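One structure is given here, and the rest of the page talks about it.
Bear in mind that the values here come from a model prediction, so they are computed numbers and not experimental data.
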Amino acid sequence: MKFDLDGLTVYFPYSRIYLEQYQYMRSLKQTLDAGGHCLLEMPTGTGKTVSLLSLITSYQLAHEGCGKLVYCTRTVPEMNSVMEELGTVLSYREEVLREEREKMTVVDLENAASRVTSSSADESNDKSVGNNTTTKKRPRVYKNNKLGPAPYNNGAGGTSVLALCLSSRRNMCIHERVLKESDREGIDAACRAMTAPWALEKAKKARQGNGGEGSGHETCPYYDGFQLAGEATSMPSGVYDLEELKKWGKGKNWCPYYLTRQAINHASVLVFNYQYMLDPKVAKMVSKELEAESIIVFDEAHNIDSVCIEALSVTIHERNLEQATRSLGRLSSEVSRIKASDATRLQNEYQNLVNGLIDQGLLDAPPNEVGLASNVLPPDVLSEAVPGNIRRAEHFIAFMKKIVEHLKTRLRTVAGPRGGVISETPLAFLHRMITTTSLEAKPLKFAYSRLASLLRTLQVPNLDDFNSLTDVADFATLVATYSEGPPKFAIIMEPNGSSIPGASDPVIQLACLDSSLAIAPLFKRFGSVIITSGTLSPIDLYPKLLQFEPCVSESFNMSTFRPCIRPLVITRGSDQLPVSTKFDDRGDMGVVRNYGSMLVELCSSIPDGVVAFFTSYSYMESIICEWDGMGILRQLTKSKLVFIETKDVVETTLALDNYRRACDSGRGAVFLSVARGKVSEGINFDRHYGRAVIMFGVPFQYTLSHILRARLEYLQTHYQIREQDFLNFDALRQASQCVGRVIRSKVDYGLMIFADSRYNRHDKRTKLPKWILQFLGDAQLNLSTDTAIAQVKQFLRIMAQPVDQNALKQVLLTLEEVQMICPPLTTSCNIEEVTS
C-alpha cells in the first residue's frame with residue numbers, strides 16, 4: 001500500500017499493516033522530523049525491519065537533503081535478511097512509481113490529442129489513444145525479493161538507489177586460492193600479500209625485469225582489474241547482498257571487498273556490523289566520510305552498551321606478553337636486515353614522522369595499505385609530530401621492550417605469594433610506569449600509531465602475527481590518552497584470569513567503564529541515531545547509560561487475534577519446594593531434581609522443539625552431570641533428542657543443524673543452551689523449531705567480577721544508577737532476549753516459561769517488555785510444575801486449532817482503517833491503494 005503519514009508518502013510493500021507497525025513508523029517520522037535520536041521497542045515477529053526500511057527510504061525519497069541510511073546489524077545472516085527486505089520494499093516502490101509515470105504519459109497524450117485538429121489521420125490516432133486508456137488495467141507482476149542490479153532504466157526504487165553490504169574479506173573474497181585458507185587471519189594475510197602497495201610494486205619490478213613476462217610474486221587478478229578500471233569502477237543502481245556482490249564482482253573481474261569501500265560515498269543505503277560504527281579502529285577506515293545528515297540505525301540493540309564497552313577495552317594475558325617479546329625480536333631482526341639492504345626506506349619513514357601523523361597519512365591510510373588504526377577516538381588523536389625519542393625504528397623497539405617488561409613485572413607481582421587482585425586508575429598506573437621505567441607520558445600516546453607506521457614500512461603482510469604486540473601498544477596509548485580527568489577506565493590485574501579452576505593465568509585488563517564514550521561521537525556527529533530492538537525494557541535506563549536525550553522513547557504492545565504467547569512463572573516444583581538458581585539454592589539436590597522433573601514433564605507434553613536456557617556454562621554443565629546421575633537424561637531422551645550448546649562455534653552449529661533435522665522429522669528435540677551465548681542472541685526458533693522456551697533462573701552477571709564491580713561503582717558515582725537497578729535491568733533484558741526467540745510472526749505461537757521464584761517478584765517481572773506483560777496475568781504467576789503443565793496442555797489445545805483467517809484480518813489494518821486513525825492535524829489523509 002501507498003499511504004500518507006503526517007504529510008509523508010510511505011511505500012509499504014504489503015496490502016495490510018499491523019497497528020504497531022503504523023505506530024512504529026509514526027514514531028520514526030517524528031524522530032526524523034525533529035532531527036533527534038530515539039529508543040523504540042517493537043515486539044518480535046511484527047515486521048519491525050520492513051516498517052523501518054519502508055519509512056526511512058520513503059523519507060529519503062521525499063527529502064533531497066536526507067543522507068544515507070546506515071543500518072547496523074550484529075550478524076551476517078541478519079545483514080542478508082535486511083537486504084532481502086530492502087529489495088522487497090524498493091522493488092514495490094519501483095513498480096508504483098513506474099505505473100504512475102505511465103499514467104502521466106497517457107494523460108499527456110490525451111491533452112495533446114485534444115489540441116490536434118480533427119483530420120482522418122488524427123482521428124485514428126485519437127482513437128488509438130482512447131483505446132489505450134480504456135484497456136483493462138494489467139495485473140502487476142510483483143516479485144518478493146529483487147537483489148542485484150536494477151532491471152529498469154530508472155533504477156532500484158524508481159530513483160536509482162544503491163544499497164550495499166559491507167563485511168570482512170572472509171565473507172567477500174572471490175579469489176579461489178585465498179578462500180582455501182582455513183581462518184579469517186589466513187585470508188586477511190593472503191589478501192594483503194597480493195594487494196598491498198609494496199606487493200604490487202614488487203610484482204611490477206619483477207615483470208619489468210622479466211621483459212613483461214610473469215613475475216614470481218603473485219597478485220590478485222580481481223584487485224588488478226579493479227585498479228585498472230580506475231574511475232570506471234562504478235556500480236549500477238540495485239540492492240546487493242553479499243552473494244550478489246561476489247557474483248557481480250566476478251562478472252566484472254573486480255574485487256568486491258575494495259569495490260564496496262570505494263562505492264560507499266555513492267550508496268544510499270549501507271548495511272554492516274556494529275563495529276563499523278562503534279569500534280574506532282574500524283570506524284576510521286569505513287564510516288569517517290559519512291555525511292552528518294545520515295540516519296544511523298542500530299537494530300537488535302539491547303546490548304549496545306556492552307558493545308560500546310568492549311570496543312574500548314583491552315585484555316592482556318601473560319602468554320600475550322611472551323608473544324609480544326618474540327614479535328619485537330622479529331621486528332628488530334627485520335630492521336637490521338633492511339638497514340643493511342634498503343636504508344633509504346627507514347630514512348624516508350623517519351622524515352615522514354618528523355612531518356607528523358596527518359602528513360604521513362597514518363590517520364587516513366589508503367584502503368589497501370597494510371596498517372593499523374588506533375583505538376583512540378578521533379577527537380583525542382594527537383595531530384602533531386611523533387616525539388623524537390621513538391622516531392627511529394630501533395629506538396621505538398627498545399621503547400616497546402620497556403613497556404612489555406614493565407607489564408610482565410606487574411603480572412609477576414600479582415601472581416606471586418604476596419599478590420592478589422589489584423585495581424588502579426589509568427593515572428596511578430601511568431605514574432608508576434613512568435617512575436619505574438623512566439619513560440615519558442607523551443610518547444606512550446603515539447605507541448599504536450608508531451607501531452602501525454613501522455609495520456607498514458617493514459611491509460608485513462600478516463598483521464595477525466603481531467596481535468599481542470598491537471594489544472600492548474593499544475593498551476599504552478589508551479592509558480596515556482585517558483589518564484586525565486575523571487577516570488573512565490579501570491586497570492585490573494588478577495592472578496588468575498582463566499575459566500579453568502586451578503589454572504594460573506595472570507591477566508591485566510584495561511576496562512572501559514563508560515559505555516557512552518564510544519557512541520558519544522555518533523550522537524554529536526549525526527542528526528538521527530535510532531536504537532531499536534524487541535527487548536529494550538526497561539527502556540528508561542538507556543539514556544543514562546549512553547548519555548543522550550531521545551526525542552522519542554516508546555515501547556509498543558503486540559496486536560493479536562489470539563493469545564499466541566503464554567508466559568508462565570513457575571516458582572515451585574511438584575513437591576511444592578521453591579525452585580531458584582540463587583547461589584545458596586543452586587546446589588540443593590531438591591532444586592536440581594525439581595528442575596529435571598520439570599523439563600521431563602514439559603518435554604513430554606510439548607510437541608516438536610523445546611529450548612532451555614541456563615544462567616551460565618558452568619551451571620549448565622554441573623546440572624547436566626547431576627541429571628545424568630539421577631537418570632533424568634534417560635527419561636528425557638524417551639520423548640526428545642537432547643542437544644547441548646558448547647563454547648565451540650563449530651560444535652554448536654552442528655548441534656543446531658541436527659536439532660532442526662530432529663524437529664523436521666517429527667522426532668522432537670530439546671536444545672540446552674546458555675543465556676548471553678551464541679544461541680540466545682542470533683538464532684530464531686520459529687514455528688515447530690521452538691514451541692517453548694524455558695529460562696532456568698535469572699541470568700545475572702557474575703557479581704564477584706572485579707570489572708563488573710568497578711563499572712557498578714562508576715555508574716553509582718557518576719550517573720546515580722543503583723547497583724541493584726542495573727543488575728536487574730541487565731538480567732531481565734537477557735531473559736527477555738532468550739524467551740523472545742520463540743515467536744517470529746503473528747501466526748506463530750509459543751510458551752515462555754520463567755522457572756525461578758524470583759520472577760514472581762514485582763520488581764523483576766515488571767521489567768519485562770510490554771508485549772510480554774500484556775499476556776502475563778495473575779493466573780500465570782506463582783505456579784507449581786503440575787499446575788503449569790495443565791496450563792501448557794490447555795494452551796496447546798487452543799493453538800492446535802486452524803488459524804481463523806477472518807480473525808487474523810481483524811488485526812491487519814486496511815487502507816480505510818489507516819485513514820480512520822490518522823491524527824486530527826492530518827484531516828485529509830491522501831491514501832491510495834496499490835494492489836500487490
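- Annotation: the span from Leu40 atom CG to Lys48 atom NZ amounts to 10.0 Å, rounded to 0.5 Å.
- For the residue pair Tyr24 and Thr532, a side-chain donor N or O sits within less than 3.5 Å of a side-chain acceptor on the partner.
- For the pair Ser605 (side chain) and Leu602 (backbone), a donor-acceptor distance under 3.5 Å is absent.
- Listed here is the closest heavy atom pair of Val50 and Gln21: CG1-NE2, 3.8 Å.
- The main-chain N or O of Gly47 is found under 3.5 Å from a side-chain atom of Ser51 such that the two form a donor-acceptor pair.
- Counting heavy atoms from C-beta on, the side chains of Leu32 and Lys29 never come closer than 4.5 Å.
- Looking at Glu20 and Ser559, their side chains do bring a donor and an acceptor atom within 3.5 Å of each other.
- The main-chain N or O of Thr88 is never found under 3.5 Å from a side-chain atom of Arg93 such that the two would form a donor-acceptor pair.
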*asked:* Would Ser58 and Met25 count as a side chain to side chain contact (heavy atoms under 4.5 Å, CB included) here? Give the steps.
replied: CA-CA 11 Å; Ser58 298; Met25 288 193 282; over 6 Å; no
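- Counting only heavy atoms from C-beta outward, the side chains of Tyr619 and Val674 never approach each other to under 4.5 Å.
- Atom OG in Ser54 sits 8.0 Å away from atom CZ in Phe3 (nearest 0.5 Å).
- Judged by the 6.0 Å distance and 45° axis criteria, Arg691 is positioned over the aromatic ring of Tyr749.
- Side chain of Ser736 to backbone of Leu732: a donor-acceptor contact under 3.5 angstrom is found.
- Asn273 contributes a side-chain N or O that, together with a main-chain N or O of Arg74, makes up a donor-acceptor pair within less than 3.5 Å.
- Checked by atom type, the side-chain pair Thr581/Arg758 shows a donor-acceptor distance below 3.5 Å.
- Residues Gln734 and Ser680 have side chains that never bring a donor and an acceptor to within less than 3.5 angstrom of each other.
- The backbone N or O of Ala779 sits less than 3.5 Å from a side-chain atom of Gln791, completing a donor-acceptor pair.
- Distance check, rounded to the nearest 0.5 Å: CG of Asp664 to OH of Tyr659 gives 10.5 Å.
- Residues that satisfy the salt bridge (Lys or Arg N to Asp or Glu O under 4.0 Å) test with Glu554, not counting sequence neighbours, are absent from this structure.
- Among the candidates Lys767, Arg761, Arg765, the single residue satisfying the salt bridge (charged side-chain N to carboxylate O under 4.0 Å, His left out) test with Asp763 is Arg761.
- The salt bridge (Lys or Arg N to Asp or Glu O under 4.0 Å) search around Arg687 returns none, not counting sequence neighbours.
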_Val693 and Phe685: CA distance, side-chain angles, deciding distance, side chain to side chain contact (heavy atoms under 4.5 Å, CB included) verdict_ = CA-CA 9 Å; Val693 171; Phe685 295 94; 5.8 Å; no
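- Between Lys746 and Tyr18, the shortest heavy-atom contact is CG-OH, 3.0 Å.
- Listed for the Ser537 side chain is no donor-acceptor partner under 3.5 Å among the backbone atoms of Ile539.
- Separating the OG1 atom in Thr46 from the CG atom in Leu19 is a distance of 10.5 Å, to the nearest 0.5 Å.
- Side-chain contact between Thr57 and Tyr11: absent, with no pair of heavy atoms (C-beta onward) separated by less than 4.5 Å.
- Looking only at side-chain heavy atoms (C-beta outward), Ile56 and Ile530 come within less than 4.5 Å of each other.
- Side-chain contact between Arg733 and Asn303 is present, with at least one heavy-atom pair separated by less than 4.5 Å.
- Taken from CD1 in Ile694 to SG in Cys738, the straight-line distance is 12.5 Å, to the nearest 0.5 Å.
- For Trp627 (side chain) and Ser597 (main-chain N/O), no donor-acceptor pair under 3.5 Å exists by modelled atom type.
- A 4.5 Å side-chain heavy-atom check between Asn594 and Val591 finds every atom pair outside the cut-off.
- Shown here for Ile531 and Ala301, the closest heavy-atom pair between the two residues is CG2-CB, 3.6 Å.
- Under a 3.5 Å cut-off, the side chain of Asp628 and the backbone N or O of Ile624 do not form any donor-acceptor pair.
- To the nearest 0.5 Å, atoms NZ (Lys2) and CG (Leu815) are separated by 11.5 Å.
- Side-chain contact annotation: Ser574 with Asp786, donor-acceptor N/O pair under 3.5 Å absent.
- Judged by a 6.0 Å distance limit and a 45° cone about the ring axis, Arg660 is positioned over the six-membered ring of Tyr689.
- Aromatic ring centres of Phe795 and Phe775 lie farther apart than the 6.0 Å criterion allows.
- Of all the heavy atoms in Ala755 and Met598, the pair that sits closest is CB-SD, 3.7 Å.
- Residues Gln60 and Val161 have side chains not in contact (no heavy-atom distance under 4.5 Å, counting atoms from C-beta outward).
- Between Tyr22 and Phe556, the gap from one ring centroid to the other reaches at least 6.0 Å.
- Two residues are said to be in side-chain contact when any heavy atoms from C-beta on lie closer than 4.5 Å; Cys72 and Phe272 meet this criterion.
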*Between Lys103 and Glu100, does a salt bridge (Lys or Arg N to Asp or Glu O under 4.0 Å) hold up when you go through it step by step?*
CA-CA 5 Å; Lys103 288 181 180 178; Glu100 289 179 350; over 6 Å; no
_Applying side chain to side chain contact (heavy atoms under 4.5 Å, CB included) to Arg634 and Lys638, what does each step give before you reach the verdict?_
CA-CA 7 Å; Arg634 284 195 299 275; Lys638 291 179 182 178; 5.7 Å; no
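- Around the CZ atom of Arg661, the shell of radius 6.0 Å holds no more than 12 heavy atoms that belong to other residues, nucleotides or ligands.
- Residues Thr646 and Asp648 have side chains that never bring a donor and an acceptor to within less than 3.5 angstrom of each other.
- At most 12 non-hydrogen atoms from other residues, nucleotides or ligands lie less than 6.0 angstrom from NZ of Lys247.
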_Run Glu300 and Ser533 through side chain to side chain contact (heavy atoms under 4.5 Å, CB included) and show every step you take._
CA-CA 4 Å; Glu300 299 297 334; Ser533 177; 3.7 Å; yes
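- Every residue meeting the ring pair (Phe, Tyr, Trp, His ring centres under 6.0 Å) condition with Tyr595, not counting sequence neighbours, appears here in chain and number order: Phe696.
- In this structure, the side chain of Arg741 engages the main chain of Gln737 through a donor-acceptor pair within 3.5 Å.
- Closest heavy-atom contact between Arg562 and Asp748: NH2-O, 4.2 Å.
- Side-chain contact check for Thr9 and Asp4: no donor-acceptor pair (N or O, by modelled atom type) lies under 3.5 Å.
- A pairwise comparison of heavy atoms in Cys38 and Thr31 identifies CB-OG1, 3.2 Å as the closest pair.
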